[in-house]
Colleague: 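Please read through the structure below; I'll follow up with questions.
So that the names make sense, note that chain A is the first sequence line, chain B the second, and so on, each numbered from 1.
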Protein chains: 2
Amino acid sequence: MPMDDAQHAYVDRVATFFTMFGSARAWAEILGWLMICEPAEQTQAQIAEDLGLSAGTVSTQLRAHVQLGMVEQVRVRGDRTQRYRLRSGAWYAVMASELERIRALGDLARAGDGVLPRDRPERVTELGDLADFFAREWPPLMERMTAELEKGPA
Amino acid sequence: MPMDDAQHAYVDRVATFFTMFGSARAWAEILGWLMICEPAEQTQAQIAEDLGLSAGTVSTQLRAHVQLGMVEQVRVRGDRTQRYRLRSGAWYAVMASELERIRALGDLARAGDGVLPRDRPERVTELGDLADFFAREWPPLMERMTAELEKGPA
DNA sequence: CAGTTGTTTCAGGCAATACTGAAAACATGC
DNA sequence: GCATGTTTTCAGTATTGCCTGAAACAACTG
């Protein structure tokens, strides 16, 4: 189903938002379209057609979405074409994965132990304290999140 | 004070980390150096010299840091040269400012009300629920953070 | 097994951005 | 105010990364 004007406007809004944070335009447009397209499952060819992107771009950016865990592929028996759709709980999964980045920040801070400045060492240690705090707080926060929104992740 | 090998290695580690998320190399190097340089206050000329960057690059990227609230300038009376240093509580401030981005995500979800798909509308509504949840949880979390790490923000 | 359709890969063009170097603008102390 | 050193601005250059289009590859159908 091709896009109507309102849908096009929304895809553009989503794309503008995410490109602001450094995402590729095509990546963001695909995300926006997969949020509102009907049906939720789409083939690469449909996406390319609807968004006016080349097949290669769709293949590449869609793979990026799959690897990030936002999108999953659906096999339909007796049909050769792969379908792609936004994963249920995709947004929650992104938040849950933040814990990894928090840990990476903690590692970064600890790596600074050998070069701790005499003058205002908190420039480095504050980062470590921050990472520790979030590493502790994040898991219970995620539990509350899934409990409260209880749509079940995957 | 010029960098020794260990310091150079750390600046490089910090720079590698942040460029991975799309930051400019110079921006990230300046951040890393301001975390460990001695003394904490540095002039633009010193930073350019120590990192091997041009004066123009330092001016531009340093301004970006100031606008983001990570770096502040210090006036020293009787000295014409401006000094720059990492703000106390800079890392906490970054986390506190996340609330704005959460709200922006909520707006993005609500903007999708007009194009809500019949098939699996939760693709859009989940994002709104998520944003609402974090908008509620974030302020008390920030309070706990500042209380627990109590170095005082600014 | 050949034909058809869908997907991936990759070289090349293109646009966006970072960085440099130099000149203009600015601020401060004398 | 003038001189001096600092900071900003900006045109030009280099680099990066996105996107395309075509060709190779894979999978199903008749």
Side-chain angles (χ1 to χ4, degrees), chain A residues 1-2 11-12 14-34 37 39 41-68 70-85, chain B residues 11-12 14-34 37 39 41-68 70-85:
Chain A
M1 190 196 65
V11 168
D12 195 61
V14 173
T16 300
F17 182 85
F18 285 101
T19 51
M20 210 176 280
F21 297 119
S23 305
R25 178 90 198 168
W27 183 94
E29 285 189 7
I30 290 172
L31 175 59
W33 183 224
L34 286 181
C37 61
E41 293 80 15
Q42 296 277 317
T43 67
Q44 289 198 10
Q46 286 173 334
I47 296 171
E49 166 67 19
D50 292 336
L51 294 175
L53 296 169
S54 75
T57 298
V58 172
S59 173
T60 303
Q61 300 300 341
L62 213 38
R63 189 217 313 273
H65 278 300
V66 171
Q67 285 181 339
L68 283 173
M70 288 288 295
V71 169
E72 62 190 354
Q73 2 191 326
V74 194
R75 294 201 159 281
V76 179
R77 258 191 64 86
D79 188 356
R80 135 178 70 235
T81 72
Q82 193 76 255
R83 316 242 159 194
Y84 296 83
R85 69 165 173 223
Chain B
V11 168
D12 195 61
V14 173
T16 299
F17 182 86
F18 284 101
T19 51
M20 210 176 279
F21 298 118
S23 304
R25 178 90 197 166
W27 183 93
E29 285 190 6
I30 290 172
L31 175 59
W33 183 225
L34 285 181
C37 63
E41 293 80 17
Q42 297 277 315
T43 67
Q44 289 199 10
Q46 285 172 334
I47 295 172
E49 165 69 18
D50 293 335
L51 294 175
L53 296 169
S54 74
T57 299
V58 172
S59 173
T60 302
Q61 300 299 343
L62 213 37
R63 190 218 311 272
H65 278 299
V66 170
Q67 285 181 338
L68 283 173
M70 289 288 295
V71 169
E72 63 190 353
Q73 5 191 327
V74 195
R75 295 198 159 282
V76 179
R77 257 192 66 86
D79 188 357
R80 148 173 54 234
T81 74
Q82 193 76 255
R83 316 240 160 196
Y84 297 83
R85 68 168 175 221

Colleague: Restricting to nitrogen or oxygen on both sides, can you table the protein-nucleotides 21-26 of chain C pairs closer than 3.5 Å?
Modeller:
none

Colleague: Who pairs with B:T57 by side chain to side chain donor-acceptor pair (under 3.5 Å), at least two apart in sequence or on another chain?
Modeller: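 Side chain to side chain donor-acceptor pair (under 3.5 Å) list for B:T57, sorted by chain: B:S54.
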Colleague: Just to be sure I understand the geometry, which residues of residues 20-32 of chain A put a non-hydrogen atom under 4.0 Å away from DNA chain C?
Modeller: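 Within residues 20-32 of chain A, no residue comes under 4.0 Å of DNA chain C.
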Colleague: Provide a list of protein-nucleic acid N or O atom pairs under 3.5 angstrom, restricted to nucleotides 11-14 of chain D.
Modeller:
none

Colleague: Rounding to 10 degrees, work out the angle separating the end axes of the helix from C:dC1-D:dG30 to C:dC30-D:dG1 (five pairs an end).
Modeller: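 Answer rounded to 10°: the end axes differ by 30°.
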Colleague: Grab the N/O contacts between the protein and nucleotides 28-30 of chain C below 3.5 Å, and write none if there aren't any.
Modeller:
residue, atom, partner, partner atom, Å
C:dT28, OP1, B:R75, NH1, 3.0
C:dT28, O2, B:R80, NH1, 2.9
C:dG29, OP1, B:G78, N, 2.9
C:dG29, OP1, B:D79, N, 3.3

Colleague: Tell me, please, which residues at least two apart from A:F17 pass ring pair (Phe, Tyr, Trp, His ring centres under 6.0 Å).
Modeller: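 Listed in chain order: A:F21.
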Colleague: What residues, two or more places apart in sequence or in another chain, satisfy ring pair (Phe, Tyr, Trp, His ring centres under 6.0 Å) together with A:Y84?
Modeller: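 Partners of A:Y84 under the ring pair (Phe, Tyr, Trp, His ring centres under 6.0 Å) test: none.
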Colleague: Can you tell me which residue pairs pass the salt bridge (Lys or Arg N to Asp or Glu O under 4.0 Å) test with a partner in residues 15-28 of chain A, sequence neighbours excluded?
Modeller: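 The answer is A:D12-A:R25, A:R25-A:E29.
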Colleague: Would you mind telling me which of D:dT8, C:dT9, D:dT6 lies closest to the side-chain atoms of B:S59?
Modeller: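 That would be D:dT8.
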Colleague: In chain order, what residues pass the side-chain contact (heavy atoms from CB on, under 4.5 Å) check against A:S23, with sequence neighbours excluded?
Modeller: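 Testing A:S23 for side-chain contact (heavy atoms from CB on, under 4.5 Å), a comparison that skips the adjacent residues, returns A:F18, A:W27.
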Colleague: Can you list the residues that meet the side chain to side chain donor-acceptor pair (under 3.5 Å) rule with B:E49, with sequence neighbours excluded?
Modeller: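 B:E49: no side chain to side chain donor-acceptor pair (under 3.5 Å) contacts found.
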Colleague: Check salt bridge (charged side-chain N to carboxylate O under 4.0 Å, His left out) between A:R83 and all other residues, then give those that pass, not counting sequence neighbours.
Modeller: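 Here the qualifying residues are A:D79.
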